[in-house]
Amino acid sequence: MTRKVRTRFAPSPTGPLHMGGVRTALYCYLFTKKMKGDFLLRIEDTDQGRFVPGAEEYIIEALNWVGISPSEGQSIGGDFGPYRQSERKHLYKQYADLLVEKGHAYYVFTSDDNWAELRESLIAQGKPSPKYDNVNRQYLKNSLTLPADEVQKRLAAGEEYAIRYKMPRNEEVKFKDIIRDVVSFQTNQLDDKVLMKSDGMPTYHLANVVDDHLMEITHVVRGEEWLPSTPLHVLLYKSFEWEMPEFAHLPLILKPDGKGKLSKRDGDRLGFPVFPIDWTNPETGEESKGFRERGFMPEAFLNMLAFLGWNPGTEQEIFSKEELIDTFSLERVGKSGARFDFEKTKWFNQQYIKNKTGEELAVLTKPMFEKAAYKVDDKMLATICDMTKERVTFMKEFPEMSYYFFEDIKAYDEKMLKKKWKNENKEKIDVLVEQLYALEDYSGENIEKTVKAFMEETGLGFGQVLPVLRISVTGTMQGPPIFEVMSLLGKETVNKRLAKGIEKAVELNS
RNA sequence: GCUCUGUUAGUAUAGUGGCUAGUACGCCUGGGUUUCAUCCAGGAAACAAGGGUUCGAUUCCCUUACAGAGUACCA
């Protein structure tokens, strides 16, 4: 009776997957890996009208980027394919027919189905959302109200029809949700949902239940928006007499301010991405920024997402993927929607960068430096990354913040240079420049020793010496320890920059 | 409108029938680095409201408010 855990992530390819979708996939993945089960990707493309080319590839790439790739799917392979619902079209019809046979569903003929008119007149009467339900169906033309021989005749004539589920009357549907515990609905509140559309495609409800059964899915992990249609799914399993999976409905991700769920608009408005990776709409050419391109590390993004609605109950916040798999449980997922917090997201990224070694960061940032046409040496790059990592939030800041290792100073902090410079000290400083240039051992420690000895001798203080060095060499007052920077830059470069910087300082003060 | 779901500092959350209600991000103050950042120390800041139940409720129950989702031949 204990089946192997199998779960699926089942997006529809109607556009780029946003972070809410990634989180759903993540929770599903973590749960599955913890249970040593199979995690598969199924594309729910039963609505041809909303299909967007490239969306499926986007989904796969996004999942790969964060490292939660499915082990079964259309392009991956597996024993339960095809994994694209449009390619399983032939399967659904027989199951819908089976339901009709068992008396759980019925035909409605679209040519003279008077539902559209009834619906409109009910709306006109002030009913906000009329339902094709177990009361109204008695007054509508369908295989329940039409004589049996006429139904046969119409079917034989090839008339267009849809199949609706026959919602029972006066029943209570109860099911257990892993996150919300028992949830119950009254069937009289539910309507006779369409199972097969007249274009021959199944609706989500039918396709989903049939596929989950055929693919031996044991746990349905999905967004909260599906909670209201879950009673229909439960009833469908019962009508088919199939073993029911367990359900877990995840809370939504909300916008950081105001009300409602997070949307692309919020990202544009508040200046943060809502998609994992860049996306260009093939029709409009409109571009949407992704976390990846914005400079986030996949592990940090994943860690942040995991904590949006879940927590381990301990004080630990930084989790590797393996630790997450170990610690995760659906029971500890919160019930209420979580607001996205970009500040905290940045903090996660910073933590991950800080915890990497210079060598690791060098590998990751090398392409960025090369893109800026900087000639990089691996060892030097590792040193630079190590020095800089504590003042960086995004990966792309590495080349920006350390450009002065590769090209001339673009801008001097003139205000500070002027303030910290006195022309009467020039002679003394010139001596220091000479001393430094004469150094055999151009290590950070030795430079520091020399500068300190010089200050001792001349009576000049830190404030009169260091800022001039720093600004001459890097252009700015901010940055890593200056003696280390000088050492890395090398004697020749430093000497040239010092000369130029001092010249500039004199100029500013005359 | 109806159905379902939810509500602890600005945000993410922990937690309990009786505690100074804990942690993290952010914010403020200070230390430190004679730069910046990291870091360290300290601070402000919350149980949505009203009724019950109870010796006692943030915690259990009800009502209200607010919020979210659903209410399609979309998923």
Side-chain angles (χ1 to χ4, degrees), chain A residues 10-14 44-50 85 108 110 113 115-116 119 126-133 160-164 177 179-180 183-186 188-191 193-205 207-208 222-231 249 251-252 254 256-261 304 307-318 332 334-348 350-351 353-354 387-393 401 413 416 420 461-467 469-471 474 476-482:
Chain A
S12 54
T14 53
E44 312 228 325
D45 55 350
T46 52
D47 185 4
Q48 296 122 321
R50 296 205 305 160
Q85 287 184 330
V108 295
T110 45
D113 175 26
W115 167 234
R119 182 187 149 89
K127 308 222 173 185
S129 51
K131 290 188 297 243
Y132 198 123
D133 62 11
E160 235 183 37
Y161 63 87
I163 297 175
R164 282 183 184 271
D177 184 280
I179 293 168
R180 283 152 223 284
V183 182
S184 74
F185 289 82
Q186 298 298 327
N188 289 4
Q189 303 292 345
L190 273 18
D191 61 344
K193 276 270 177 312
V194 169
L195 263 23
M196 285 296 283
K197 299 182 259 186
S198 54
D199 67 358
M201 276 296 208
T203 58
Y204 171 85
H205 306 102
N208 190 262
R222 73 220 312 190
E224 195 184 12
E225 69 269 25
W226 293 108
L227 193 57
S229 42
T230 305
H249 289 93
L252 267 22
L254 275 20
D257 58 341
K259 298 155 187 185
K261 63 176 176 187
M304 177 282 292
F307 269 73
L308 216 50
W310 169 85
N311 79 85
T314 64
E315 237 122 74
Q316 186 182 350
E317 286 199 284
I318 302 297
R332 284 201 70 90
K335 295 178 179 61
S336 50
R339 267 175 224 276
F340 174 66
D341 185 348
F342 192 50
E343 289 305 320
K344 187 97 187 201
T345 309
K346 289 199 280 194
W347 178 80
F348 272 112
Q350 215 176 78
Q351 294 301 307
I353 291 176
K354 219 178 59 184
M387 284 169 147
T388 319
K389 66 178 186 182
E390 263 153 26
R391 24 212 128 214
V392 134
T393 304
M401 259 180 141
D413 184 345
M416 192 58 79
K420 296 288 181 184
F462 280 94
Q464 289 164 295
V465 180
L466 260 18
L469 288 186
R470 183 176 281 284
I471 294 174
T474 69
T476 165
M477 276 303 282
Q478 302 165 2
I482 188 61

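Throughout, a chain's letter reflects where its sequence line sits, starting with A, and its residues are numbered from 1.
Every residue meeting the side-chain hydrogen bond (donor to acceptor under 3.5 Å, both in side chains) condition with Y204(A), not counting sequence neighbours, appears here in chain and number order: N208(A), R222(A). With sequence neighbours left out, the salt bridge (Lys or Arg N to Asp or Glu O under 4.0 Å) criterion links K344(A) to E317(A). Checked against side-chain hydrogen bond (donor to acceptor under 3.5 Å, both in side chains), Q189(A) has no partners two or more places apart in sequence or in another chain. Applying the side-chain hydrogen bond (donor to acceptor under 3.5 Å, both in side chains) test to R119(A) and every residue at least two apart in sequence or in another chain returns nothing. Legend: residues meeting salt bridge (Lys or Arg N to Asp or Glu O under 4.0 Å) with D341(A), ordered by chain and number and at least two apart, are absent. With sequence neighbours left out, E343(A) forms a salt bridge (Lys or Arg N to Asp or Glu O under 4.0 Å) with K346(A). N188(A) meets the side-chain hydrogen bond (donor to acceptor under 3.5 Å, both in side chains) test with N170(A); sequence neighbours excluded.
The separation of G10(B) from G6(B), taken at their P atoms, amounts to 23 Å, rounded to a whole angstrom. Across the C1' atoms, U8(B) and G15(B) are found 10 Å apart, a figure rounded to whole Å. Across G70(B) and U64(B), the matching C1' atoms stand 23 Å from one another, rounded to whole Å. Atom C1' of A9(B) sits at a distance of 11 Å from the matching atom of A21(B), rounded to the whole Å. Annotation: U11(B) and G26(B) have their C1' atoms spaced 8 Å apart (nearest Å). As rounded to the nearest Å, G50(B) and A65(B) have C1' atoms that lie 10 Å from one another. Separating the C1' atom of C62(B) from that of A72(B) is a span of 36 Å, rounded to the nearest Å. Going from the C1' atom of G17(B) to that of U59(B) covers 7 Å, rounded to whole Å.
Within the nucleic acid shown, R332(A) comes within 4.0 Å of sugar-phosphate atoms alone, with no base atom in reach, counting heavy atoms only. Nucleic acid contact for P481(A): base, since at least one base atom lies under 4.0 Å from a heavy atom of the residue. Across all strands shown, G309(A) has heavy atoms under 4.0 Å from sugar-phosphate atoms exclusively, and none from any base. Residue contacts shown for K354(A) are limited to sugar-phosphate atoms, with no base heavy atom under 4.0 Å away.
Between A14(B), G6(B), G1(B), one nucleotide has an atom nearer to the side chain of K335(A) than all others, and that is G6(B). Of the candidates G6(B), A12(B), A24(B), A12(B) carries the atom nearest the L308(A) side chain, counting heavy atoms from C-beta on. For E343(A), the side-chain atoms get nearest to G26(B) when compared with the rest of G10(B), G26(B), U35(B). Checking U3(B), G1(B), U23(B) against every side-chain atom of E315(A), the shortest atom distance belongs to U23(B). For W347(A), taking side-chain heavy atoms from C-beta onward, the closest of the listed nucleotides A37(B), G26(B), C2(B) is G26(B).
When the C1' atom of A9(B) is taken as reference, atom CZ of R339(A) falls 14 Å away, rounded to whole Å. Atoms CZ (R470(A)) and P (C36(B)) sit 9 Å apart, rounded to a whole Å. If you measure from atom CE of M304(A) to atom C1' of A24(B), you get 15 Å, rounded to the nearest angstrom. Distance CD (Q464(A)) to P (U35(B)): 15 Å, rounded to an integer number of Å. G26(B) atom C1' lies 12 Å from atom CD of Q350(A), rounded to whole Å. Computed from coordinates, the K346(A) NZ to G26(B) P distance equals 9 Å when rounded to whole Å. If you take CG of N188(A) and C1' of C4(B), they are 16 Å apart, rounded to a whole angstrom. Rounded to whole angstrom, the span from the CD1 atom of I353(A) across to the C1' atom of A37(B) amounts to 13 Å.
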Walk along nucleotides 69-75 of chain B from 5' to 3' and tag each nucleotide B, S or - by protein heavy-atom contact under 4.0 Å, base first, then sugar-phosphate.
SSBSBBB

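In this structure, D177(A) and L227(A) have side chains that are in contact, with non-hydrogen atoms separated by less than 4.5 Å. Between I471(A) and M416(A), some side-chain heavy-atom pair lies under the 4.5 Å cut-off.
Atom CD1 of I353(A) and atom CZ of R391(A) lie 13.5 Å apart (nearest 0.5 Å).
Residues Q186(A) and R391(A) each lie close to RNA chain B; by heavy-atom proximity, the contact nearer the 5' end of the strand is made by Q186(A).
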Using Watson-Crick and G-U wobble pairs whose two distances are both under 3.5 Å, how do you write the pairing of RNA chain B as dot-bracket, with | for links to another strand?
(((((((..((((....[...)))).(((((.......)))))....(((((..]....))))))))))))....

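Ring geometry, F307(A) versus W310(A): the interplanar angle exceeds 60°, so the pair is classed perpendicular (tilted spans 30 to 60°).
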